[in-house]
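Input: a single structure, listed below in structure tokens.
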Number of protein chains: 2
Amino acid sequence: MLRRRPGTPTLEEVAALAGVGRGTVSRVINNAAGVKDTTRRAVQRAIAELGYVPNLAARTLAGRRADAVALVMTEPDWRQFGEPFFSEIVRSVGDALTETEVQLLLTLVRTDAERQRLVEYARGGRVDGVMLMSVHAADPLPDMLAEVGLPTVLLGRRSGDESVTYVDADNVGGARAAVSHLLDTGRRAVATITGPPDMYVAQCRLRGYREAMERAGVEPRGSWTVRGDFSADSGHHAMAELLERAPEIDGVFAASDTMAAGALGALRAAGRRVPDDVAVIGFDDFPLAQHTDPKLTTVRQPLEEIGHAMVRLLLEEMEEPSTAWRHVIHRTELVLRDSA
Amino acid sequence: MLRRRPGTPTLEEVAALAGVGRGTVSRVINNAAGVKDTTRRAVQRAIAELGYVPNLAARTLAGRRADAVALVMTEPDWRQFGEPFFSEIVRSVGDALTETEVQLLLTLVRTDAERQRLVEYARGGRVDGVMLMSVHAADPLPDMLAEVGLPTVLLGRRSGDESVTYVDADNVGGARAAVSHLLDTGRRAVATITGPPDMYVAQCRLRGYREAMERAGVEPRGSWTVRGDFSADSGHHAMAELLERAPEIDGVFAASDTMAAGALGALRAAGRRVPDDVAVIGFDDFPLAQHTDPKLTTVRQPLEEIGHAMVRLLLEEMEEPSTAWRHVIHRTELVLRDSA
DNA sequence: ATGAAAGCGCTAACAG
DNA sequence: CTGTTAGCGCTTTCAT
């Protein structure tokens, strides 16, 4: 509740102690130019002496900036949270923001009530923008945020004509390339483990699989397509199912690295030799590098790049970024055209 | 930046539209008693019509409450983030808060700069309290927070005489019980895979192991103690090392479930029969239930309880919880005495 | 029951 | 360069 603990000094007290006006103190703590060096020093001494820390709520109210961003995980079943994909993304966004004054806030959205709470939190001005990961096709959250004018960036699209700014990989092309690789190295009966059908990314990777098969003139059997949910466990189960229902397969394309790892485990547990009996390739395995139009908002894997791309896009959506945001490091951006 | 988007209505505009004073609107949105029903209705209509959402910064500034809490992960090497332990804790805290208006904010603290940023964020009044998980012995963060009067709760202690409020399990007793169980079922050469030596929880579990061995009159060899870091990978490696350095072992106590799982994998990969050749038990496997003094701040596993316990303790540390906090569900509290 | 008024602590525009 | 002056939008007495 922060019941003004006696001993939480205000800017005014600092000003008094330093013998200057409030404006000057404000300039000093914001590193604004145009303060005599001796004055600045005096103020800094007063700040140190009092142990002054700015009240962020007041600053936000007066300055219309939160110097914070939310990274939202909207995973209803929550299983994916522990998956490497998420930790990589979180780490990557954290890296992009680590040297700045911008505080990264991870939030969970599992229910409608939590969705509502987040919207109010964001609309309430406590963050300068929102990044969302793992968005399912029907999720209204991105629109709720974007409609009220909040800078919003998605990791992955909800559909082919996503209205909200997003960062995405070349899912169709990547999947096609991965499957083609399998076919080119002599595999014929290539199966696929898909992601959740309500996620556009899963649809795209499935399409890439089908296109590659078609181009190679191979008619995939229905039993060669098994559904997963991007988790390692689901990859394991899917592989077990494939082994049972389609023992003829000699290659597998998993729509995510994580599922590929799970599939490998199942294969080994079943005593199959990998890759001699069955070759496995996961989406993220495959290099998608291809520099093109830098204005496009799709990026290449690896995941490390994604955080930077999201932060950069967020920054571009902001009308008047604070100085904290200006410190965001603009690392090399590896951007490529999406073939979808 | 929230450059006051034209169309972000304020409480004042709501009041004008409803034909009432600002105070009344404030009372309505805060569900305060003492507002005539017709008035309340009129205000609610105005709110809906304008799509009004309170400015949280202003509310925080005026009301000295943030209605938000931070759950901090201070893991320098970040490997543990993906571990099930963390997702369980996060889920558990999220559950404790899901039906409330309190927003849960997960934050990462990996470097000193990030530590500093978090302290300023918290001191700045943006959260009502802070929960920390995975705190290493030398981490000054809890003190930095507690010293400025912020409600702070730790998950696990930094030492035997932790000064900050904490929630913890009976680590010594649990480890002792687990190891005794192994010894009671005929195992003699029981090894242990420890956690990071700079974490008190790891020291306690190691002590429990030693005490159980001593009580059983078994002198553990030096090679029977291998160091892990609580991750599944480290459990795997540790087990592999044990197999090589101490092939005589017939039981293993891992200081965490996660490491136990890793150890099992290594055992199977080595073709050892489990549990016939080697039995494995992880800390969290073992039931520690034991109701005693409800004033103590230590709780029993399972993890689901931990979030509730942390939130409850945080609430107790707050001088004047807001109504949002009052909605926190007080679930049954399973509390037990710590034997350490 | 409800309106009016006084801040909460800070930023920013405006005078000097 | 620096002090002063307005607010930012809300909660909270204090009257009425």
Side-chain angles (χ1 to χ4, degrees), chain A residues 1-16 18-43 46-47 50 52-67 120 123-126 320 322-324, chain B residues 1-16 18-43 46-47 50 52-67 120 123-126 320 322-324:
Chain A
M1 298 312 56
L2 295 177
R3 154 156 289 344
R4 182 124 165 43
R5 292 175 298 283
T8 300
T10 70
L11 181 147
E12 178 128 36
E13 301 176 51
V14 174
V20 301
R22 279 183 356 221
T24 304
V25 177
S26 178
R27 280 168 207 128
V28 171
I29 62 182
N30 289 298
N31 277 313
V35 179
K36 212 198 301 175
D37 221 42
T38 53
T39 314
R40 181 182 299 274
R41 211 104 58 189
V43 172
I47 288 176
L50 260 34
Y52 168 77
V53 171
N55 178 317
L56 264 29
R59 172 176 286 177
T60 298
L61 183 56
R64 284 104 192 280
R65 67 214 176 79
D67 287 350
E120 289 181 8
R123 283 197 65 176
R126 322 231 11 177
E320 209 177 298
S322 69
T323 53
Chain B
M1 296 299 53
L2 294 178
R3 153 155 295 340
R4 180 126 169 41
R5 292 176 297 284
T8 299
T10 70
L11 180 150
E12 178 127 36
E13 301 177 50
V14 174
V20 301
R22 275 172 11 205
T24 305
V25 178
S26 179
R27 280 166 207 130
V28 171
I29 61 182
N30 288 299
N31 277 312
V35 179
K36 213 196 303 175
D37 221 42
T38 53
T39 315
R40 180 181 300 273
R41 212 104 57 190
V43 171
I47 288 176
L50 261 34
Y52 169 76
V53 172
N55 179 316
L56 264 29
R59 173 175 286 178
T60 299
L61 182 56
R64 285 105 190 282
R65 68 216 174 78
D67 287 350
E120 287 181 7
R123 284 198 65 176
R126 321 233 11 178
E320 207 177 301
S322 69
T323 54

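All values below come from the heavy atoms of this structure, side chains included, with hydrogens, waters and symmetry mates left out. To find a chain, count down the sequence lines: A is the first, B the second, and so on, and within it residues start at 1.
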Item to complete: Mind checking B:Val25 for me? I need base, sugar-phosphate or nothing, with any heavy atom below 4.0 Å counting as a touch.
Response: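 B:Val25: no heavy atom of the nucleic acid under 4.0 Å.
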Atom pair distance, as rounded to whole Å: [atom1] in [X] and [atom2] in [N]:
| X | N | atom1 | atom2 | value |
| --- | --- | --- | --- | --- |
| A:Arg22 | C:dG7 | CZ | C1' | 12 Å |
| A:Arg64 | D:dC10 | CZ | P | 12 Å |
| B:Asn55 | D:dG7 | CG | P | 18 Å |
| A:Arg65 | C:dC10 | CZ | P | 12 Å |
| B:Leu56 | C:dC8 | CG | C1' | 15 Å |
| B:Glu12 | D:dG7 | CD | P | 12 Å |
| B:Lys36 | C:dG3 | NZ | C1' | 13 Å |
| B:Leu11 | C:dG7 | CG | P | 19 Å |

Discussion item. With a 4.0 Å limit, can you tell me whether B:Ser26 has a side-chain N or O closer than that to the phosphate oxygens OP1/OP2 of D:dT11?
Written reply: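 Affirmative; the distance criterion is met.
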Worksheet entry | Any B:Thr39 side-chain nitrogen or oxygen under 4.0 Å from OP1 or OP2 of C:dT2 |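 For B:Thr39, the contact criterion (side-chain N or O under 4.0 Å from OP1 or OP2 of C:dT2) is met.
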Item to complete: Look at the side chain of B:Leu61 and decide which nucleotide, out of C:dC8, C:dC10, D:dC10, has an atom nearest to it.
Response: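 When the side chain of B:Leu61 is considered, C:dC8 is the closest of C:dC8, C:dC10, D:dC10.
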Worksheet item: For the side chain of B:Ala62, counting heavy atoms from C-beta on, which of C:dA5, D:dT2, C:dC8 is nearest?
Response: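 Nucleotide nearest to B:Ala62's side chain: C:dC8.
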Item to complete: Using a cut-off of strictly less than 4.0 Å between a heavy atom of the residue and any atom of DNA chain C, enumerate the qualifying residues of residues 27-35 of chain B by number.
Response: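 Nucleic-acid contacts, sorted: B:Arg27, B:Gly34, B:Val35.
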Item to complete: Show the numbers, then the answer: is there a side-chain contact (heavy atoms from CB on, under 4.5 Å) between A:Glu120 and B:Asp67?
Response: CA-CA 12 Å; A:Glu120 289 181 8; B:Asp67 287 350; over 6 Å; no
Discussion item. Let's go through A:Leu61 and B:Arg59 carefully: what are the C-alpha distance in whole Å and the side-chain angles of both, what is the deciding distance for side-chain contact (heavy atoms from CB on, under 4.5 Å) to 0.1 Å, and is it a yes or a no?
Written reply: CA-CA 9 Å; A:Leu61 183 56; B:Arg59 173 175 286 178; over 6 Å; no
Given 3.5 Å as the limit, does a donor-acceptor pair link the side chain of [X] with the main chain of [Y], or not?
| X | Y | answer |
| --- | --- | --- |
| A:Thr60 | A:Leu56 | yes |
| A:Arg126 | B:Arg126 | yes |
| A:Asn30 | A:Ala32 | no |

Fill in: Spatial distance of atom OG1 (A:Thr323) from atom CZ (A:Arg65) [nearest 0.5 Å]
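If I round to the nearest 0.5 Å, the distance is 5.5 Å.
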Practice prompt. By nearest nucleotide on DNA chain C, pick out whichever of B:Asp37 and B:Ala58 is the more 5' one.
Written response: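 It is B:Asp37, whose closest nucleotide lies nearer the 5' terminus.
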Worksheet entry | Of A:Val25, A:Ile29, A:Thr38, A:Val35, the residue whose pairing with A:Val43 passes side-chain contact (heavy atoms from CB on, under 4.5 Å) |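 Only match with A:Val43 under side-chain contact (heavy atoms from CB on, under 4.5 Å): A:Val25.
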